[in-house]
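We count ligands from 1, going down the list as the structure has it; atoms in each ligand are counted the same way. Since this is a predicted model, take the numbers as computed values, not measurements.
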Amino acid sequence: MGGYSTVLEQIEEETRPLAGRGEVAQYIPELAGVRADQFGMAVVTLDGTVHACGEARVPFSIQSISKLFSLTLAFTCVGDALWQRVGREPSGTAFNSLVQLETEKGIPRNPFINAGALVVTDVLCTRFVNPETALVEFVRRLSGNATLDYDLRVARSELDTAFRNRAMAHFMRSFGNLHNPVDDVIDAYCRHCAIRMDCVDLARAVAFLANGGVNPWTGERIVSESSAKRLSALMLTCGTYDAAGDFAYRVGIPCKSGVGGGIVGHIPGELGLCVWSPALEATGNSLAGSVALERFTTLTGRSLF
Ligand code: GLN
């Protein structure tokens with residue numbers, strides 16, 4: 001698959017002019033200061049070959065991409081019991097919306113919107129004495145980079161302004177769907193979102209999903225083959241919030257985005273990938289990143305379909 005480096009060069013040339021179009025997330029003060037015109041992309045094939053372009057080695061705040069890792073870790077702890085507390089349907093609303101929670105009795109639509117990730121984090125708070133360390137260690141194992149950590153300044157910045165997420169957490173607690181104190185869950189959630197990684201490490205960290213649930217770098221089974229398929233199905237249907245239908249149409253592979261401007265994805269049996277550009281379109285996905293992914297599956301002829 002040596003052709004991927006050439007494809008990435010072409011994508012960078014085409015997409016770089018779009019970097020900076022859109023809005024860098026403002027509601028977390030520490031994120032607002034990130035330079036908007038950065039662009040990086042990495043593809044890691046299952047034999048470990050890395051193809052990268054642009055700012056692929058510049059670490060950024062993974063934000064909601066952490067929801068993929070926290071879901072995987074929670075799933076390894078409680079399995080299908082999770083689905084009694086979180087749904088598996090696209091929400092059709094913004095990632096931080098509260099509107100469905102009342103009519104749906106505190107059961108979030110899916111684990112990739114904020115409310116769903118808060119329930120997933122609650123599972124981790126019950127299971128681990130130190131849920132933030134548990135997730136950081138998990139991501140270190142998946143990526144093979146033992147130096148990864150969360151950025152305390154970003155975590156504090158979000159903690160100070162997490163009014164909406166706190167509201168959701170209190171609301172779900174009133175329905176009995178949060179078992180730990182709201183402050184503990186919000187604290188762990190914000191630290192998870194504040195993990196800093198670059199495109200290469202993220203592409204490596206999602207490769208276990210492309211590899212039938214086995215970490216290709218260590219041979220360790222992370223989840224069963226069936227669970228890897230199911231997690232990937234959730235990425236495809238819910239991983240990019242209210243734009244998931246558009247992503248399936250334009251990109252055609254399972255993806256998970258974050259408001260730091262990163263988007264991870266994978267092609268089963270082949271590769272993990274990550275693109276990063278901080279400026280977002282209205283749905284909260286990286287604008288240049290979305291275009292780059294569309295170009296990637298178009299130029300390579302690779303997608304699920
Ligand atoms: N930390 C962010 C929040 O909770 C994550 C949102 C996102 O990346 N979509 O609002």
query: What are the atoms of ligand 1, with element, lying closer than 4.0 Å to any heavy atom of F95?
result: 6 (C), 9 (N), 10 (O)

task: With heavy atoms of C193 as the reference, note each atom of ligand 1 found under 4.0 Å away.
output: 1 (N)

Check: E270/Y4 side-chain N/O donor and acceptor closer than 3.5 Å: yes

task: Identify, by atom number and element, the atoms of ligand 1 in contact range of Q63, meaning under 4.0 Å from any of its heavy atoms.
output: 1 (N), 2 (C), 5 (C), 8 (O)

- request: Just jot down the ligand 1 atoms closer than 4.0 angstrom to any heavy atom of N165, in number order.
  value: 3 (C), 4 (O), 10 (O)

message: Just to be sure I read this right, does ligand 1 sit under 4.0 Å from the backbone of N114, its side chain, both, or neither, counting only heavy atoms?
response: side chain

field: Numbered atoms of ligand 1 (with element) below 4.0 Å of E158, judged on heavy atoms
entry: 1 (N), 2 (C), 3 (C), 4 (O), 10 (O)

message: Taking 4.0 angstrom as the limit and counting only heavy atoms of G258, give me the atoms of ligand 1 inside it, by number and element.
response: 8 (O)

Donor-acceptor side-chain pairing of S143 and N145 below 3.5 angstrom: no

- prompt: Would you say the side-chain atoms of K67 and N114 include a donor-acceptor pair closer than 3.5 Å?
  reply: yes

task: Starting from atom 4 (O) of ligand 1, locate the nearest protein heavy atom and write down its residue, its atom name and how far away it is, to 0.1 Å.
output: Y189 OH, 2.5 Å

message: Less than 3.5 Å apart, any donor N or O on the side chain of R85 or N177 sitting next to an acceptor on the other?
response: yes

message: Need the ligand 1 atom indices (1-based, order shown) with element for anything under 4.0 Å from a heavy-atom of S64.
response: 5 (C), 6 (C), 7 (C), 8 (O), 9 (N)

task: To the nearest 0.5 Å, tell me how far I65 CD1 sits from C274 SG.
output: 5.0 Å

query: About how many Å separate CD1 of I222 and CZ of F75, when rounded to the nearest 0.5 Å?
result: 14.0 Å

- request: Starting from atom 9 (N) of ligand 1, find the nearest protein heavy-atom neighbour and note its residue, name and distance.
  value: Y241 OH, 2.6 Å

task: May I ask you to identify, for R164, whether its side chain, its backbone, both or neither come under 4.0 Å of ligand 1 on a heavy-atom basis?
output: neither

- request: Around atom 10 (O) of ligand 1, find the nearest protein heavy atom and jot down its residue, atom name and distance.
  value: Y27 OH, 2.5 Å

- prompt: Would Y27 and N96 count as having a side-chain donor-acceptor pair, cut-off 3.5 Å?
  reply: no

field: Distance-only side-chain donor-acceptor flag, T126 / N180, under 3.5 Å
entry: yes

